[in-house]
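No experiment lies behind these values; they were computed from the predicted model shown. Note on naming: letters A, B, ... go to the chains in the order of the sequence lines (proteins, then strands), and numbering restarts at 1 for each one.
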Protein chains: 2
Amino acid sequence: RAVSRKESGAARRMAAAPRAIAKEVMLSKAPERLCREGDTGMREKFEKTIRKAQDEICAAITAVDGKSFHEDTWTRPGGGGGISRVLSDGKVWEKAGVNVSVVYGSMPPEAYRAATGVDKKGSTDPNDRVPFFAAGISSVMHPRNPHAPTMHFNYRYFETDAWNGVPSQWWFGGGTDITPSYVDEEDMKHFHGMYKGVCDKHDPEYYAKFKKWCDEYFVIKHRGETRGLGGIFFDDLNDKDPDTIFEFSKECMNTVVPSYVPIVERHVNDDFNEEQKEWQQIRRGRYVEFNLVYDRGTTFGLKTGGRIESILMSLPMTARWEYDHEPEEGTEEAKLLQYTRNAATWV
Amino acid sequence: RAVSRKESGAARRMAAAPRAIAKEVMLSKAPERLCREGDTGMREKFEKTIRKAQDEICAAITAVDGKSFHEDTWTRPGGGGGISRVLSDGKVWEKAGVNVSVVYGSMPPEAYRAATGVDKKGSTDPNDRVPFFAAGISSVMHPRNPHAPTMHFNYRYFETDAWNGVPSQWWFGGGTDITPSYVDEEDMKHFHGMYKGVCDKHDPEYYAKFKKWCDEYFVIKHRGETRGLGGIFFDDLNDKDPDTIFEFSKECMNTVVPSYVPIVERHVNDDFNEEQKEWQQIRRGRYVEFNLVYDRGTTFGLKTGGRIESILMSLPMTARWEYDHEPEEGTEEAKLLQYTRNAATWV
């Protein structure tokens, strides 16, 4: 062999990488529970709820698509693990993934700040580590037809142990948002209306607040555009008792199917041409830009050594970057862009 | 119209974005000089050199492809500007871009650190700004044929004004690196051999040092893979007199065509099947991951409000993300992956 190898390359790179959570072990079948045995209360309850939501949402998607999800399960030594389900190359969806994960770990203060947006004063030691528990369900679904929107949701429960003078913390986060390539006002009213309904049942201020939070969170700053046309987004939610916020989160999960699936069904047989497919691919490029550059969940996952394939399942099957693409004024493509530059009030 | 609009959305986002350099003005024709009139010496000399390199490299690519580059020129009030040339949908290249830019600006210490990797102590004021001058040429070329590699190069000259107790700084940076989807050892020996030749002429330590730097810089940390199969990379180079380092940079630019174009010509008519095209698209997905998550130039550009279309010209026309894709052992695809996980010594 003419080419000599420096075997130290990989080892050197491993050493340079952020300290990872213990490497996962693949399982042939999802275990009864991902939580540690001693974990009861909200940890156990939340795991049950996200696993049920995963089952029900995947079943509803398969009922429309005809194709079933491939499942991968892993655990980590010491508890925790995840179940990734992905439907690739379906009839209706190009790629649809629904992940459930339960993670025990410790993260550098930097990742803690990236995850929470909260700067806990008191430590500048780069070797400091914050122990945490996180359970969540997350999903992105990219349909084939450019008239059927992409949808993302994520609901999570988080706890940190007491750390560096800061007492133990808990909070809920989550949201569901929609990303069409073309604006259909009826679709948007349906989607936003469903989530406004859930919000209004729990708190009259929730929808306005979480809708605005969503518009502000999913911004591709370097483009001055939002990723999509919004929905709801909340984080660090702990201002009511945990069971009350849990019930709200559960209803949000249960609203994914009725808020999204009817929209896809309405458009699954819409005619489209090559230009429309290309526009969808360009919007998917924007989706990739947001997720890799700004999304906290992705950033957090990459920094804490999460399972890469599960984290990057959110990326579309294919995407496109055309130099200096700007749709002509007055077109449906330009209309979509306008809505990403000025958030609308749908309901 | 049924839908009311919150016109404040865009304004709010603008306010939240990093403070941008003055907005560019598009020109119908490239100006005589992008430097300010008063700028002589290395600033002027470097601009002339990168513009000549842009002309020559674009001419060489067009000679092979048959298609010419589209040119966009812009200036900024107060001096500076850029010339972007892009060839899209060519016969040989799917997308090839060569940018020249001259930028006067001031950046937050955070961006200064991102650009230089150097943490200048002495200021923690987030409103502090470091004045700088930067001139550079950068390019990425993505061919159609999966057996023809992508190539990237970037050569730049940087100055900061005296700032916060730190005297005025100058340095050169740059490199050329190659990203094939399939390993061809002869190609790699040719490419690395050409750059070793340039390096050896200037300093016997350069090639080993800059080759290693390249292998370490272009790492997709979350994958444990390099983006491609290396080349040379250097930054903060100021340990010889400026003219000497300038001559080295110039020869590196002049080596782009003879090191790369013969490789593409050798493969432009290679047969390929659908699986090989898909593998190329998956590797382009990795290219996107590196550029958006780790590349300093991209990060720096997005933070300082550079011209987005020029910065993101490096992204491929199309890319693909398949869930949990791992090539079978013993295949040519697996061989490429092995080389991205353990850097080889080619010459």
Side-chain angles (χ1 to χ4, degrees), chain A residues 2-10 12-14 16-18 70 72 84 86 88 95 97 185 188-189 215-216 219 221-226 281 285 288-289 292-293 299 301-303 305-306 308-309 311-313 315-325 338-339 341-346, chain B residues 2-10 12-14 16-18 70 72 84 86 88 95 97 185 188-189 215-216 219 221-226 281 285 288-289 292-293 298-299 301-303 305-306 308-309 311-313 315-325 339 341-346:
Chain A
V3 177
S4 70
R5 308 291 288 274
K6 282 202 288 187
E7 296 302 338
S8 63
R12 205 173 51 231
R13 282 197 295 279
M14 292 294 271
H70 166 86
D72 280 325
S84 288
V86 63
S88 297
K95 195 171 171 189
E185 295 181 7
M188 293 306 103
K189 284 176 189 213
D215 287 337
E216 289 172 353
V219 171
K221 287 203 189 79
H222 58 266
R223 299 273 188 190
E225 297 171 12
T226 52
Q281 293 295 301
V288 171
E289 288 178 31
L292 292 182
V293 180
T299 308
L302 297 180
K303 278 193 183 154
I308 297 308
E309 288 302 328
I311 295 165
L312 297 183
M313 198 195 262
L315 300 180
M317 185 71 101
T318 54
R320 187 176 181 89
W321 284 270
E322 252 178 59
Y323 175 71
D324 208 18
H325 185 277
Q338 277 312 308
Y339 277 89
R341 289 168 182 166
N342 296 284
T345 302
W346 298 103
Chain B
V3 176
S4 70
R5 308 291 288 274
K6 283 203 289 185
E7 297 301 337
S8 63
R12 203 174 51 232
R13 282 196 296 278
M14 293 293 273
H70 167 86
D72 280 326
S84 288
V86 62
S88 298
K95 195 173 173 189
E185 294 181 8
M188 293 306 102
K189 283 176 189 215
D215 287 336
E216 288 172 353
V219 171
K221 286 202 189 81
H222 58 267
R223 300 273 188 189
E225 296 172 12
T226 52
Q281 293 296 300
V288 172
E289 287 178 32
L292 292 181
V293 179
T298 306
T299 307
L302 297 180
K303 277 193 183 153
I308 297 307
E309 289 301 328
I311 296 165
L312 297 184
M313 199 194 262
L315 300 181
M317 185 70 100
T318 53
R320 185 175 182 91
W321 284 270
E322 252 178 59
Y323 174 72
D324 207 17
H325 185 277
Y339 277 89
R341 290 168 182 167
N342 297 284
T345 303
W346 299 104

| field | Residues that A:His70 engages under side chain to side chain contact (heavy atoms under 4.5 Å, CB included), provided they are two or more places apart | value |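 A:His70: side chain to side chain contact (heavy atoms under 4.5 Å, CB included) contacts with A:Asp72, A:Val86, B:Tyr323.
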| query | Nearest heavy-atom pair of A:Trp321 and B:Ala319: which atoms, and what distance? | reply |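 Minimum heavy-atom contact is CZ3-CB, 4.2 Å.
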How many angstroms lie between [atom1] in [X] and [atom2] in [Y], if you round to the nearest 0.5 Å?
X	Y	atom1	atom2	answer
A:Ile311	B:His222	CD1	NE2	8.5 Å
A:Arg320	B:Met317	CZ	CE	5.0 Å
B:Lys221	A:Ile308	NZ	CD1	12.5 Å

| field | Residues that A:Arg223 engages under side-chain hydrogen bond (donor to acceptor under 3.5 Å, both in side chains), provided they are two or more places apart | value | A:Glu289, B:Glu309
| message | Report which part of B:Met313 has an atom under 4.5 Å of a heavy atom belonging to chain A: side chain, backbone, both, or neither. | response |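 Only the side chain of B:Met313 comes within 4.5 Å of chain A.
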| message | Taking every non-hydrogen pair under 4.5 Å, which of B:Val288, B:Asp324, B:Leu315 racks up the most with chain A? | response | B:Asp324
